[in-house]
Amino acid sequence: IYNAHSYHTKVPHKAIMRYILHYTEPGDVVFDGFCGTGMTGVAGALCEELGTQRTPHVSHAVQGQRFTILSDLSPIATFIASNLLRPFARSSFLSALEKVCGDVENDFGHLYRTQHTGWRVRDRKHVEHKAYEHRGEKWGSVEFTLYSDVVRCPECSSEITYYEVAVDEQNDALRKDIRCPQCNAVVPETKWEPVYSTVFDPILNRTIRQLRIEPVLINYTVGSTRYEKLPDAHDKALSEEAAQLLRSVGLPPIALIPGRETQRNAPIGITHLHHFFTPREHLFIAALLRRILDIGDIDIRFALLFALTATLPYASRLRRFRADRKGGGPLSGTLYVSSLVTPPHVIKTFKRNAATIADCLTPPVDPRRGHIISTQSAGHLANIPSNSVDYIFTDPPFGHNFDYSELNFFWE
DNA sequence: GATCTTGTAGCATCGATCAC
DNA sequence: GTGATCGATGCTACAAGATC
């Protein structure tokens, strides 16, 4: 449950349960005015099911649900909390998931097809990185595309991708001192200059100036084997097709609010929400969102929206490439966009997140609905009657360590 | 079936750089 | 010169496919 949806600051529900089980009785009311993702609510509800995989072992605990009142200022926080605690029908959720994903696949699935001309990932250190002829299957399914910043040599002004000069594939590392392939000058990594280009933004319907990024590597699957390839003309054509389709399907233009995190990427031209996404991934997110919002059943609609917000950071340019290929993903607590990013196959990522959520919420956490969630300030709690709370468990905001409202804006 | 490889996810650490 | 910040990287855990 803890991993169903990421958030900047979460307290594991198993840790909270130890306090609640110690200090309260079944039926008591627990209040959390800074509920965040609602882990206090999960903890209170799961006091009903001690001895399962999702509860801690606590000796001498009195089993039985504790009721919770949860509130938070942030809409995405209470949205996450409410989805962890609302009724969840696994089979309906999974069939709606298949329907939505199938529809989007039918419309745009071909954009993730790529010609099978690469090398196996496990051979990447031993073979030349070039286009190969393969017998049998001619097509693969893209897993992720590696995009790189374009940089300029300060000595000779030649332009090249950061990936080509900085990534040492043999040693799984980034080079500190980079040799320019044009003029042979050795220039520290930090001295290479960013290259900007003026491009047409179909969502803003005007030209914008952005840091130039280029696809440099495609990781794809044939059968169940991973391959890598250099992007070719077909891949480039599909990328342009995705950008064209955005005119009719794209997300609405939403300017990023003022703030340290929201504006940290303004110098490289990320000024609106959709700039966090590469065109193809933007298209799939927008198409999924449209179909989900059309679903009539509110529980299914919210559960799928929940899976979509859980997917957003991983489907965006926040997903970092690591030269050592360990870990990766967004850097938590920031909206930092790296020079090397790996936006993945959105449908596959969405389905993986949805499957995790389905597993976490089966059985539903709070079938008795013993909780109240509201989006409000903890400074005005007049709607809670006096002497109605037995225990307060709260984990207040981390001061200036996290810019909550800005980080949450990305989802909200 | 055991072990290795690849990938995902999360959090902590620490050296380089920056602001003052 | 120094403290704060940035962001690459160290490390853990886990899952699933590939290989022997």
Side-chain angles (χ1 to χ4, degrees), chain A residues 1-15 37 39 53-54 118-127 140-146 148-149 162-163 166-169 171-178 187-192 194 217-228 259-261 263-268 307 310-360 398-403 406-407:
Chain A
I1 297 167
Y2 184 78
N3 292 323
H5 196 302
S6 67
Y7 197 68
H8 343 295
T9 49
K10 278 200 294 192
V11 178
H13 67 276
K14 288 182 180 180
T37 55
M39 287 296 135
Q53 201 179 14
R54 54 187 189 180
W119 54 92
R120 293 196 309 176
V121 171
R122 61 173 52 213
D123 296 334
R124 69 190 169 87
K125 292 189 183 180
H126 317 298
V127 301
S141 170
V142 173
E143 293 294 332
F144 64 80
T145 303
L146 170 57
S148 167
D149 287 0
Y162 177 71
Y163 172 80
V167 176
D168 179 353
E169 286 276 12
N171 296 304
D172 292 338
L174 287 179
R175 297 187 181 95
K176 293 268 183 278
D177 294 311
I178 299 173
V187 180
E189 188 263 340
T190 51
K191 303 298 180 198
W192 288 73
L217 198 70
I218 294 172
N219 181 301
Y220 66 97
T221 313
V222 175
S224 56
T225 304
R226 289 283 185 120
Y227 290 83
E228 284 178 350
R260 187 175 64 169
E261 284 302 329
Q263 295 299 319
R264 69 153 52 230
N265 302 301
I268 62 171
T311 304
L312 283 184
Y314 306 107
S316 75
R317 288 171 64 184
L318 299 175
R319 191 173 185 263
R320 297 167 300 159
F321 173 79
R322 283 180 62 159
D324 59 10
R325 308 208 177 201
K326 295 170 183 166
L331 188 62
S332 62
T334 173
L335 294 177
Y336 165 66
V337 173
S338 168
S339 295
L340 297 167
V341 297
T342 55
H345 189 301
V346 171
I347 300 286
K348 290 178 187 175
T349 308
F350 179 55
K351 282 186 172 177
R352 191 165 48 238
N353 275 289
T356 303
I357 287 167
D359 288 345
C360 295
F398 284 27
H400 286 292
N401 289 337
F402 288 95
D403 299 306
E406 298 174 46
L407 298 171

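Just so we're on the same page: letters track the sequence lines, and every chain starts at 1. Quick caveat, the model's predicted, so the values are computed rather than measured.
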Starting at the 5' end of nucleotides 2-7 of chain B, put B wherever the base has a protein heavy atom under 4.0 Å, S where only the sugar-phosphate does, and a dash everywhere else.
---SSS

Salt bridge (Lys or Arg N to Asp or Glu O under 4.0 Å) filter on A/Arg352, not counting sequence neighbours, yields none

Specify the separation, in whole Å, of atom CG of A/Asp149 and atom P of C/dG7.
12 Å

Can you work out whether A/Leu174 or A/Thr225 has the more 5'-proximal nearest nucleotide on DNA chain C?
A/Leu174

Whole angstrom value for the distance that separates C1' of C/dA8 from OH of A/Tyr336:
8 Å

Between CG of A/Asp168 and C1' of C/dT9 the distance, given in whole Å, is 15 Å

One pair to check against side-chain contact (heavy atoms from CB on, under 4.5 Å): A/Leu146 and A/Thr342. What are the steps and the verdict?
CA-CA 5 Å; A/Leu146 170 57; A/Thr342 55; 3.9 Å; yes

Give the rounded distance in Å between these two atoms: NZ of A/Lys191 and P of B/dT17.
7 Å

Evaluate side-chain contact (heavy atoms from CB on, under 4.5 Å) for A/Ile268 paired with A/Asp149, printing each intermediate quantity in order.
CA-CA 10 Å; A/Ile268 62 171; A/Asp149 287 0; over 6 Å; no

Please name all residues satisfying ring-ring contact (aromatic ring centres under 6.0 Å, His included) with A/Trp192, sequence neighbours left out, ordered by chain then number.
none

Nearest-Å distance, CZ (A/Arg322) to C1' (B/dA12)?
12 Å

Start at the 5' end of DNA chain C and walk down; is the nucleotide closest to A/Arg120 or to A/Ala323 reached first?
A/Ala323

Separation of atom CZ in A/Arg320 from atom P in B/dC11, rounded to whole Å:
12 Å

Is the A/Tyr227 ring parallel, tilted or perpendicular to the A/Tyr220 ring (thresholds 30°, 60°)?
parallel

Test A/Arg226 against A/Asn219 for side-chain contact (heavy atoms from CB on, under 4.5 Å), laying out the working first.
CA-CA 7 Å; A/Arg226 289 283 185 120; A/Asn219 181 301; 3.0 Å; yes

If I take atom CD1 in residue A/Ile357 and atom P in nucleotide B/dA9, what distance separates them, rounded to the nearest angstrom?
12 Å

Within this structure, what is the CG-to-C1' distance between A/Leu318 and B/dT8, rounded to whole angstrom?
16 Å

